[in-house]
Amino acid sequence: MIKKIDHIGIAVRSIEDSLKFYVDILQLPLLGIETVESEQVKVAFISAGETKLELLEPMSEKSPVAAFLERRGEGIHHVALGVDSIEERIKDMKEHGIKMIHEQPKPGAGGAQIAFMHPKSTGNVLVELCEKK
């Protein structure tokens, strides 16, 4: 079952520069910064009420976020849906003809298990399933 929008991912070239807007100007609280080796990104989570904003800075040119920035520039990268039992949700999506980028959950930020759906199956929106224990 989908529980909520967990976070909105925003691709940025520099977390440090972007924090000036989100934290200093908008005065949203910074929850933390970490690296996600599996996606080759550094992430910063910012609280925006019940939903978080996740700033994504590529750590290498091979990062999917680096490719996104090259093609589209900075901006909204994905919408993450909080789910129970990510394995069951992946199975459900596949049964409904949704193409998955990740067939199996993989480690994400904050100890979450994640899997992305292919945008060609979701109306050109990159959608992430996100299970937090």
Side-chain angles (χ1 to χ4, degrees):
M1 178 172 113
I2 295 175
K3 301 186 299 186
K4 65 177 183 172
I5 294 177
D6 185 79
H7 65 270
I8 298 170
I10 302 170
V12 300
R13 297 189 194 289
S14 166
I15 284 176
E16 184 179 327
D17 291 345
S18 298
L19 287 177
K20 293 172 188 170
F21 173 69
Y22 292 100
V23 175
D24 297 345
I25 295 172
L26 294 181
Q27 299 183 353
L28 296 172
L30 174 63
L31 300 174
I33 298 175
E34 65 181 278
T35 60
V36 181
E37 295 295 334
S38 67
E39 294 297 309
Q40 300 177 352
V41 293
K42 180 166 78 169
V43 301
F45 278 106
I46 298 166
S47 179
E50 293 182 18
T51 302
K52 293 181 285 304
L53 302 176
E54 178 188 37
L55 304 182
L56 303 147
E57 176 186 323
M59 294 174 21
S60 80
E61 292 178 11
K62 295 181 181 179
S63 166
V65 174
F68 178 91
L69 287 167
E70 184 66 31
R71 283 190 319 274
R72 299 187 179 178
E74 293 183 311
I76 294 178
H77 180 263
H78 68 271
V79 175
L81 303 174
V83 300
D84 290 321
S85 186
I86 193 167
E87 291 89 359
E88 287 182 33
R89 296 296 73 76
I90 292 170
K91 182 181 174 209
D92 290 346
M93 294 303 106
K94 290 167 63 176
E95 287 174 357
H96 284 91
I98 302 297
K99 180 178 166 122
M100 299 298 298
I101 294 173
H102 304 115
E103 298 279 330
Q104 299 294 321
K106 61 191 292 185
Q113 290 293 304
I114 65 167
F116 284 92
M117 296 178 220
H118 198 286
K120 289 183 180 177
S121 294
T122 61
N124 289 324
V125 176
L126 182 61
V127 178
E128 175 185 15
L129 300 175
C130 178
E131 179 184 359
K132 295 181 178 173
K133 297 289 183 190

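Worth saying up front: this structure is predicted, and the values here are computed from it rather than measured.
- Rounding to the nearest 0.5 Å places NZ of Lys20 at 7.5 Å from OG of Ser14.
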Steps toward side-chain contact (heavy atoms from CB on, under 4.5 Å) verdict (Ile90, Gln104): CA-CA 8 Å; Ile90 292 170; Gln104 299 294 321; 5.8 Å; no

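- Under a hydrophobic clustering in which Ile, Leu, Val, Met, Phe, Trp and Tyr are joined whenever their side-chain heavy atoms come within less than 4.5 Å, directly or via other members, Val43 and Leu30 fall into different clusters.
- More than 12 heavy-atom neighbours from other residues, nucleotides or ligands sit within 6.0 angstrom of CZ on Arg13.
- Under a cut-off of 6.0 angstrom, the local environment of NZ in Lys3 is crowded, with over 12 non-hydrogen atoms contributed by other residues, nucleotides or ligands.
- Closest approach of Ile33 and Ala44 over heavy atoms only: CG1-CB, 3.8 Å.
- Between the side chains of Glu54 and His77, not a single donor N or O lies within less than 3.5 Å of an accepting N or O.
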Can you check side-chain contact (heavy atoms from CB on, under 4.5 Å) on Lys4 and Asp6, steps first, answer last? CA-CA 6 Å; Lys4 65 177 183 172; Asp6 185 79; 3.8 Å; yes

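- In this structure, CD on Glu57 lies 8.0 Å from OG on Ser18, to the nearest 0.5 angstrom.
- Between the Ser63 side chain and the Gln40 main chain, a donor and an acceptor come within less than 3.5 Å of each other.
- Side-chain contact between Met59 and Glu37: present, with at least one pair of heavy atoms (C-beta onward) separated by less than 4.5 Å.
- Judged purely by atom type and a 3.5 angstrom limit, His96 has no side-chain atom pairing as donor or acceptor with the backbone of Ile98.
- Hydrophobic clustering, with ILVMFWY side chains joined whenever heavy atoms are under 4.5 angstrom apart, keeps Ile15 apart from Leu69.
- Heavy atoms of other residues, nucleotides or ligands lying less than 6.0 angstrom from CD1 of Ile5 number 12 at most.
- Cluster membership for Ile8 and Leu19, using ILVMFWY side-chain heavy atoms within less than 4.5 angstrom, is shared.
- Summarising the geometry of Val65 relative to Ala11, their closest heavy-atom pair is CG1-CB, 4.0 Å, with the distance given to 0.1 Å.
- Residue Glu34 places its CD atom among more than 12 non-hydrogen atoms of other residues, nucleotides or ligands, all under 6.0 Å distant.
- Considering CD of Glu131 and CD of Glu88, their distance stands at 9.5 Å, rounded to 0.5 Å.
- Follow the hydrophobic side-chain contacts under 4.5 Å out from Phe21 and you reach Leu28 in the same cluster.
- Expressed to the nearest 0.5 Å, how far CD of Glu128 lies from CE of Met117 amounts to 9.5 Å.
- Across every non-hydrogen atom of Phe68 and Gly75, the tightest pair is CE2-O, 4.2 Å.
- The other members of the hydrophobic cluster of Phe116, by chain and number, are Ile101, Ile114, Leu126 (side-chain heavy atoms under 4.5 Å, ILVMFWY only).
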Please step through side-chain contact (heavy atoms from CB on, under 4.5 Å) for the pair Glu61 and Glu70, ending with a clear verdict. CA-CA 10 Å; Glu61 292 178 11; Glu70 184 66 31; over 6 Å; no

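- Other residues, nucleotides and ligands place no more than 12 heavy atoms under 6.0 Å from the CD1 atom of Ile76.
- Residue Arg89 holds its CZ atom at 9.0 Å from CE of Met1, rounded to the nearest 0.5 Å.
- With contacts defined as side-chain heavy-atom distances shorter than 4.5 Å, the pair Glu39/Leu56 does not qualify.
- For the pair Met93/Met100, a side-chain contact is recorded, criterion being any heavy-atom separation below 4.5 Å from C-beta on.
- Nearest heavy atom pair, residue Ser38 against residue Pro107, reads OG-O, 2.8 Å.
- Atom CD of Glu50 has 12 or fewer heavy atoms from other residues, nucleotides or ligands within 6.0 Å.
- Formation of a donor-acceptor pair under 3.5 Å by the Ser47 side chain with backbone atoms of Pro29 is not found in this model.
- The nearest pair of heavy atoms linking Cys130 to Ala112 is SG-CB, 3.8 Å.
- Annotation: the span from Lys52 atom NZ to Ile46 atom CD1 amounts to 12.0 Å, rounded to 0.5 Å.
- Both Val12 and Leu53 belong to a common hydrophobic cluster when Ile, Leu, Val, Met, Phe, Trp and Tyr are linked at side-chain heavy-atom distances under 4.5 angstrom.
- Within the 3.5 Å criterion, the main-chain N or O of Pro105 finds no donor-acceptor partner in the side chain of Glu87.
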